[in-house]
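Given the structure is predicted, the values throughout are model-derived calculations rather than measurements. Convention: sequence-line order gives letters A, B, ...; per-chain numbering from 1.
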Number of protein chains: 2
Amino acid sequence: MVEKCKVMDKKAKVLDAALKLFVEFGFHNTPTSKIAKEAGISSGTLFYFFPTKDELVVALYLDIKSKLGCEITESISQETSFKEILKKYYTTTLDWAKEHRDEFKFMEQFNSSPYLKKIAEDEIQKYVKPLKELLQNAIDEGVLKNMDLEILFTLISGHTFSINQYLIISEPQESKREQIISETFDLLWQMISA
Amino acid sequence: MVEKCKVMDKKAKVLDAALKLFVEFGFHNTPTSKIAKEAGISSGTLFYFFPTKDELVVALYLDIKSKLGCEITESISQETSFKEILKKYYTTTLDWAKEHRDEFKFMEQFNSSPYLKKIAEDEIQKYVKPLKELLQNAIDEGVLKNMDLEILFTLISGHTFSINQYLIISEPQESKREQIISETFDLLWQMISA
DNA sequence: GTCTATACACCGATAGAC
DNA sequence: GTCTATCGGTGTATAGAC
């Protein structure tokens, strides 16, 4: 047990260091030697935990994805009406992105890179399936416009993503921020609700 | 003149080759030697035109940006009403993305990479300024909801971008495609119009 | 302007001691 | 599990002939 904790700790330190450096310099301009140094370990130890650099990159991505997934699942568990659930989805994602700026930036970089091919399709779907099921129900119940599920999903993701970009760049004060989130959710809702 | 044409031709070939390889393998997994080979020239010649690999990457980005900019400027010149202009903006962007898949994929990769820092802010703004002015006018005239210009711009870009992603992945038939574009534009319009 | 040949730095990964 | 030392491969960029 003690052993395992130690392992996780080192692994986590490597992932932390890698995240920080990847976001600043990009995957390729970040040598494993620098990651090891930043993590406070030797190069040999890094490769003991992650057999290749690629595996490290992928592991980091999956780690972040799962953390965000947990956060969202937890936050929506208390809501009941569909609109409230969706709003929670929206706000939680934006809040998480604010508190985990590097993680978001990294995911963005990863998603639009050829690395994405290395991830199995079902691994990707795992995190979006719950939301898609929710949306399908809402369509069936006449809460949302009767449109193609994939388009609907795309619209919501795109909206969330772009408002997130805006919030990151403009850095509004907390009260202003909440207002923007609330108002842009209303706009989204207006677009997709029946 | 003949000299200049020859130069442009070689440069263009390098940019073509680089685009193709970057999209498939990513920036870092594409050595300059392979770019030169794909372009049918020697490594030395490549560095004669582009002093560093970074400059090549940036030049490619600016080249693509400017081509898309031209296309849009041209296409909207004949429209008169604001709604028609915006729709033309929307459809032209999506059509261009369809015909220039690699270019779009590359821009996406570039935009979410640390390379973006290498581009001057005004260089980026150059291409978005015309649209922003248009939007400001529409707000002032009461055609669009009175909201923050930057948010409005973000919303439109995000919408366009995400529908583009959807169209690329789902590859609908031409008639279906046109229907999707038309309907999603209506959704966008519903969201932003006064 | 274009080529060939090559310098030389760097990086990912391994070997082997502890 | 962790370190140090190092190898082999690769990639950017240059030098110099044509």
Side-chain angles (χ1 to χ4, degrees), chain A residues 1-61 63 106 109-110 113-115 117-118, chain B residues 1-61 63 106 109-110 113-115 117-118:
Chain A
M1 266 307 133
V2 173
E3 281 306 293
K4 200 182 174 190
C5 281
K6 258 177 100 180
V7 169
M8 294 310 289
D9 203 47
K10 287 257 155 107
K11 264 196 165 180
K13 266 185 181 158
V14 172
L15 292 176
D16 266 12
L19 173 63
K20 187 184 157 192
L21 294 169
F22 284 160
V23 169
E24 188 170 358
F25 304 108
F27 303 133
H28 49 305
N29 284 319
T30 306
T32 49
S33 55
K34 264 188 198 152
I35 297 172
K37 198 176 177 185
E38 175 84 22
I41 60 165
S42 73
S43 180
T45 305
L46 186 149
F47 282 98
Y48 172 77
F49 289 115
F50 303 96
T52 67
K53 187 182 180 181
D54 275 12
E55 284 174 76
L56 166 58
V57 173
V58 170
L60 178 57
Y61 178 76
D63 181 59
F106 172 80
Q109 228 177 287
F110 190 97
S113 82
Y115 274 108
K117 289 181 205 150
K118 293 183 192 288
Chain B
M1 268 305 135
V2 172
E3 280 307 291
K4 201 186 174 188
C5 280
K6 256 176 102 179
V7 169
M8 295 310 288
D9 202 47
K10 286 255 155 108
K11 264 196 165 180
K13 266 185 182 159
V14 172
L15 292 175
D16 265 11
L19 173 62
K20 188 185 159 192
L21 295 169
F22 285 160
V23 170
E24 189 170 357
F25 304 108
F27 303 133
H28 48 307
N29 283 320
T30 305
T32 50
S33 54
K34 264 188 197 150
I35 298 173
K37 199 176 176 185
E38 175 83 22
I41 59 164
S42 73
S43 180
T45 306
L46 186 149
F47 281 97
Y48 173 76
F49 289 115
F50 303 96
T52 67
K53 186 182 179 180
D54 276 13
E55 284 174 76
L56 166 57
V57 173
V58 170
L60 178 57
Y61 179 76
D63 181 59
F106 172 79
Q109 229 176 285
F110 189 97
S113 82
Y115 275 108
K117 288 180 206 148
K118 293 181 190 290

Atom [atom1] of [X] to atom [atom2] of [N]: distance rounded to whole Å?
| X | N | atom1 | atom2 | answer |
| --- | --- | --- | --- | --- |
| B:Lys37 | C:dT2 | NZ | C1' | 18 Å |
| A:Lys11 | D:dG1 | NZ | C1' | 13 Å |
| B:Tyr48 | C:dT2 | OH | P | 7 Å |

| query | What residue pairs, at least two apart or across chains, pass side-chain hydrogen bond (donor to acceptor under 3.5 Å, both in side chains) with a residue in residues 44-58 of chain A? | reply | A:Ser42-A:Thr45, A:Thr52-A:Glu55, A:Asp54-A:Tyr115, A:Asp54-A:Lys118

| said: Under the side-chain hydrogen bond (donor to acceptor under 3.5 Å, both in side chains) definition, can you give me all pairs with a residue in residues 15-30 of chain A, not counting sequence neighbours? | reply: A:Lys20-A:Glu38

| request: Could you encode protein contacts along nucleotides 3-18 of chain D as a string, one character per nucleotide from 5' to 3', using B for base contact, S for sugar-phosphate-only contact and - for no contact, with a heavy-atom cut-off of under 4.0 Å? | output: BB------SSBB----

| task | Find the distance between CG (B:Leu56) and NZ (B:Lys11) and round it off to the nearest 0.5 Å. | result | 10.0 Å

| said: Suppose we screen for side chain to side chain contact (heavy atoms under 4.5 Å, CB included). Which residues come up paired with A:Lys34, at least two apart in sequence or across chains? | reply: A:Leu21, A:Pro31

| message | Using the side chain to side chain contact (heavy atoms under 4.5 Å, CB included) criterion, which residues pair with A:Phe106? Sequence neighbours excluded. | response | A:Leu19, A:Phe22, A:Val23, A:Phe27, A:Val57, A:Leu60, A:Tyr61, A:Ile64, A:Phe110

